[in-house]
Trainee: 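Handing you a structure now.
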Amino acid sequence: MGLDLQTLHVRASRVVQWSKALHRSASCATRDSGFESRLCRSRPRPGDPWGGAQLAQRLSNQCCLCVLQDSGEDSHRIAQSPVVHVRGLCEAVVEADLVEALEKFGPICYVMMMPFKRQALVEFEMVESADKCVACGSSEAVYIAGQQAFFNYSTSKRITRPTNSDNPNSGNKVLLLSIQNPLYPITTDVLYTVCNPIGSVMRIVIFKRNGIQAMVEYPFCLSCAQKAKAALNGADIYAGCCTLKIEYARPTRLNVIRNDNESWDYTKPYLVRRERGKGRQAILGEHPSSYGDNGYGSHCPLLPLPGNSRYKLSSHDIPEVVAYPLPQSSSYNNHGSSSVAMVSGLHPTKMNCTRIFNLFCLYGNIEKVKFMKSVPGTALVEMGDEYAVDRAITHLNSIKVFGKRLNVCVSKQHAVIPSQVFELEDGSSSYKDFAMTRNNRFTSQGQASKNIIQPPSCVLHYYNVPPCISEDQLLRLCSEHDVPGFTKFKMFDAKPSSKTISGLLEFDSKTHAVEVLTVLNHYQIRIPNGSNPYTLKLCFSTSSHL
């Protein structure tokens with residue numbers, strides 16, 4: 001045959017190796033219907049009797065594939081982590097419900113609520129506890145606050161804390177409260193009513209740099225802050241709005257210099273701010289801890305506390321249900337009670353009534369807009385109520401639009417009267433009535449609850465756009481209206497039956513996003529052969545970047 005003994009020996013050894021590999025794969029072949037055909041394709045080709053290294057590599061790949069299938073592993077499965085991602089939560093769930101349902105799997109060291117997504121992150125002390133949680137959730141139903149929840153490992157190995165502490169069990173007696181979707185004013189009175197039943201509140205400070213946030217300081221005992229975080233994290237102060245997201249703050253003590261709607265030291269009731277021309281201040285001042293005659297009107301029970309005594313001082317200290325006050329104008333005395341906002345610093349050629357509506361409608365219904373002839377660059381905006389004015393002041397005061405900084409404050413006027421109507425520089429009228437427009441977003445309680453009140457950001461959420469509109473067409477729309485184009489684009493997956501699409505647009509700066517929203521919000525998009533135009537709707541997104 002012309003073959004020497006050495007060549008025969010090499011080929012014989014290859015036959016033995018191939019047979020052993022085939023034997024090891026026999027059990028896999030019964031489970032993989034495609035294995036036999038792949039194995040046949042791996043057999044020697046003419047001119048290469050036993051396939052050499054190529055055959056060994058193919059057999060190795062087939063065996064590895066079978067071992068993965070046999071062990072149930074999936075290449076797309078997230079790696080084990082002590083942090084578990086919880087989905088499918090009900091709207092009323094709070095941190096205490098998660099702890100109560102999941103602590104049977106092991107000690108929990110931190111919880112981060114994502115109320116608008118109905119999700120949460122739960123960090124266990126041990127990876128084994130997270131393993132038990134995920135395994136139990138995949139084999140049987142796990143209920144949290146009466147609703148089945150779903151679990152998977154998080155891509156994070158640790159939940160980031162504002163304190164940046166390396167100790168997973170670290171806490172702080174000062175809590176950081178982020179109030180999401182604040183449809184009503186948030187004052188020290190409101191937060192005291194919410195937080196004090198859990199433990200004696202010492203100090204409260206409210207600030208509005210990034211939305212509405214507050215810090216609440218409890219006494220030196222850490223347990224009060226822990227109980228408050230567990231009982232209130234994820235809860236709504238008022239039905240469907242003013243949702244609390246609570247974390248431990250960095251400061252260990254709050255410094256309060258005066259007692260008013262935005263800060264209060266309950267250990268020093270004499271820090272009442274003295275108003276000019278009001279005479280001497282009272283020594284004791286007005287203390288919000290007494291609510292017998294506070295002007296709030298009837299009380300509305302919204303948040304039942306867990307029955308477990310861990311979340312209450314004692315059964316005789318507080319009732320089973322915390323009664324929260326309904327929002328009334330008395331909490332608004334710091335700004336007055338007018339539903340008219342005065343806006344100055346408007347660009348003389350680029351701002352008109354419609355563009356003011358496009359921007360201010362994110363925070364409440366707009367009734368009328370009127371430019372003042374005697375004060376150039378200034379307009380009066382009549383809104384649905386004083387709470388809408390408060391939201392507009394909170395989020396729009398001092399922002400830049402077309403190179404000019406807006407100044408938004410409460411007007412002394414109680415209504416906008418259409419007198420001295422004139423023509424603006426762009427040719428439009430100085431007065432416009434928006435009371436009957438369909439673009440107002442707070443016309444009913446159901447519609448208002450869908451709006452997420454957000455401060456201006458560099459990411460816009462767009463919706464009600466026809467499916468035929470592409471990224472390039474949206475960029476062209478920005479160019480045609482002389483506004484900055486977006487740098488990143490994201491389209492959400494839509495249902496096949498959906499008639500519109502939505503997504504996110506990221507801009508280089510917050511100012512660019514504000515200008516695009518001011519100009520293009522409610523733009524009428526017409527499509528060929530379409531009977532009615534689509535109204536492009538924009539709002540600020542909860543996402544900080546794409």
Side-chain angles (χ1 to χ4, degrees), residues 91-92 94 115-116 177-197 201 204-216 232-246 260-264 288 291 294-303 321-341 360-367 381-397 408-410 440-455 539-540 542:
E91 289 184 350
V94 295
F116 285 112
L177 281 63
S178 298
I179 295 87
Q180 301 176 337
N181 200 22
L183 289 180
Y184 300 109
I186 300 299
T187 65
T188 50
D189 285 359
V190 172
L191 292 182
Y192 184 89
T193 311
V194 170
C195 299
N196 195 64
V201 172
I204 297 176
V205 175
I206 299 174
F207 47 97
K208 302 176 181 180
R209 284 191 291 268
N210 185 22
I212 297 181
Q213 293 180 302
M215 290 188 184
V216 178
L232 301 175
N233 193 8
D236 291 345
I237 296 179
Y238 302 110
C241 63
C242 302
T243 304
L244 294 174
K245 181 180 179 182
I246 304 178
D260 56 20
N261 275 352
E262 295 187 350
S263 63
W264 202 289
Y291 285 97
N294 57 8
Y296 277 118
S298 60
H299 282 192
C300 175
L302 291 177
L303 178 65
V321 175
V322 180
Y324 293 138
L326 287 170
Q328 298 290 336
S329 59
S330 63
S331 66
Y332 197 79
N333 289 335
N334 194 39
H335 294 300
S337 58
S338 174
S339 60
V340 178
F360 278 72
C361 73
L362 302 184
Y363 305 105
N365 288 336
I366 307 297
E367 299 289 330
V381 182
E382 183 177 341
M383 306 189 74
D385 51 45
E386 61 266 30
Y387 307 119
V389 173
D390 182 68
R391 293 192 292 268
I393 294 172
T394 299
H395 297 298
L396 298 180
N397 187 39
V408 186
C409 62
V410 178
N440 270 320
R441 304 182 183 185
F442 296 79
T443 53
S444 65
Q445 185 175 358
Q447 188 183 33
S449 64
K450 296 178 181 179
N451 298 310
I452 299 178
I453 306 299
Q454 279 290 115
C539 63
F540 297 113
T542 56

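Just so you know, residue 1 is the first one in the sequence shown, and it goes up from there.
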Trainee: If you apply the rule side-chain contact (heavy atoms from CB on, under 4.5 Å), what do you find for Val205 with Thr188, and how did you get there?
Mentor: CA-CA 8 Å; Val205 175; Thr188 50; over 6 Å; no
Trainee: Using side-chain contact (heavy atoms from CB on, under 4.5 Å), reason through Val340 and Val389 one step at a time and then give a plain yes or no.
Mentor: CA-CA 7 Å; Val340 178; Val389 173; 6.0 Å; no
Trainee: For the backbone of Thr187 and the side chain of Asn261, can you confirm whether one donor and one acceptor N or O come within less than 3.5 Å of each other?
Mentor: no
Trainee: What is the distance from atom CG of Asp189 to atom CD1 of Ile204, rounded to the nearest 0.5 Å?
Mentor: 8.5 Å
Trainee: Would a 4.5 Å heavy-atom cut-off, applied to side chains only, mark Leu177 and Cys195 as touching?
Mentor: yes
Trainee: Do you know the tightest heavy-atom contact between Phe540 and Pro455?
Mentor: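 Heavy-atom minimum between the residues: CB-O, 3.6 Å.
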Trainee: Tell me whether the rings of Tyr387 and Tyr184 are parallel (<30°), tilted (30 to 60°) or perpendicular (>60°).
Mentor: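 Perpendicular: the ring planes of Tyr387 and Tyr184 meet at over 60°.
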Trainee: Return the set of residues passing side-chain contact (heavy atoms from CB on, under 4.5 Å) with Thr394 (not counting sequence neighbours), or none when no residue passes.
Mentor: Lys208, Ile212, Asp390
Trainee: So, do Cys241 and Gln180 sit near enough that their side-chain heavy atoms are less than 4.5 Å apart?
Mentor: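 No, every pair of side-chain atoms sits at 4.5 Å or beyond.
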Trainee: In terms of heavy-atom contacts, does CD of Gln447 have more than 12 from other residues, nucleotides or ligands at under 6.0 Å?
Mentor: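 Enclosed.
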Trainee: Measure from the side-chain N and O atoms of Asn181 to the backbone N and O of Ile453, and report whether any donor-acceptor pair falls under 3.5 Å.
Mentor: yes
Trainee: For the CD1 atom of Ile206 and the CG atom of Leu191, what is their distance to the nearest 0.5 Å?
Mentor: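 Interatomic distance, Ile206 CD1 to Leu191 CG, rounded to 0.5 Å: 4.5 Å.
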Trainee: Do the side-chain N and O atoms of Ser339 and Asp385 include a donor-acceptor pair separated by under 3.5 angstrom?
Mentor: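 Side-chain D/A pair, Ser339 to Asp385: absent.
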Trainee: Show the nearest heavy-atom pair for residues Ile186 and Cys242, with the distance to one decimal.
Mentor: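 For Ile186 versus Cys242, the nearest heavy atoms are CD1-SG, 4.0 Å.
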Trainee: Given side-chain contact (heavy atoms from CB on, under 4.5 Å), test Ile237 with Leu244 step by step and report yes or no.
Mentor: CA-CA 7 Å; Ile237 296 179; Leu244 294 174; 3.8 Å; yes
Trainee: Taking all heavy atoms of Cys361 and all of Phe442, pick out the closest pair and write down the distance.
Mentor: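 Smallest heavy-atom distance, with atoms named: O-CE1, 3.5 Å.
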Trainee: Side-chain contact, heavy-atom cut-off 4.5 Å: Phe207 with Glu262?
Mentor: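 A side-chain contact under 4.5 Å is absent here.
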Trainee: Between the main-chain N or O of Gln454 and the side-chain N or O of Tyr363, is there a donor-acceptor pair closer than 3.5 Å?
Mentor: yes
Trainee: I need the minimum non-hydrogen distance between Cys539 and Arg441, along with the two atoms involved.
Mentor: CB-NH1, 3.9 Å
Trainee: Yes or no on side-chain hydrogen bond (donor to acceptor under 3.5 Å, both in side chains) for Thr243 and Asp236, after CA distance, side-chain angles and deciding distance?
Mentor: CA-CA 4 Å; Thr243 304; Asp236 291 345; 2.6 Å; yes
Trainee: Compare every heavy atom of Ala235 with every heavy atom of Val94, then report the nearest pair and how far apart it is.
Mentor: CG1-CB, 3.7 Å
Trainee: Does Leu232 reach the side chain of Ile246, with side-chain heavy atoms less than 4.5 Å apart?
Mentor: yes
Trainee: What I'd like to find out is whether the side chain of Leu362 reaches to under 4.5 Å of the side chain of Asn451, using heavy atoms alone.
Mentor: no
Trainee: Side chain of Asp260, backbone of Ser263: donor and acceptor closer than 3.5 Å?
Mentor: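 At least one qualifying donor-acceptor pair exists.
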Trainee: For residues Val410 and Ser338, report the shortest heavy-atom separation together with the two atoms involved.
Mentor: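 So the two residues come closest at CG1-CB, 3.7 Å.
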Trainee: Would you check if the side chain of Asn397 reaches a backbone N or O of Val408 as a donor-acceptor pair within less than 3.5 Å?
Mentor: yes
Trainee: Please report the interatomic distance CE(Met383) to CD1(Ile366), rounded to the nearest 0.5 Å.
Mentor: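 Nearest 0.5 Å value for the CE-CD1 distance: 3.5 Å.
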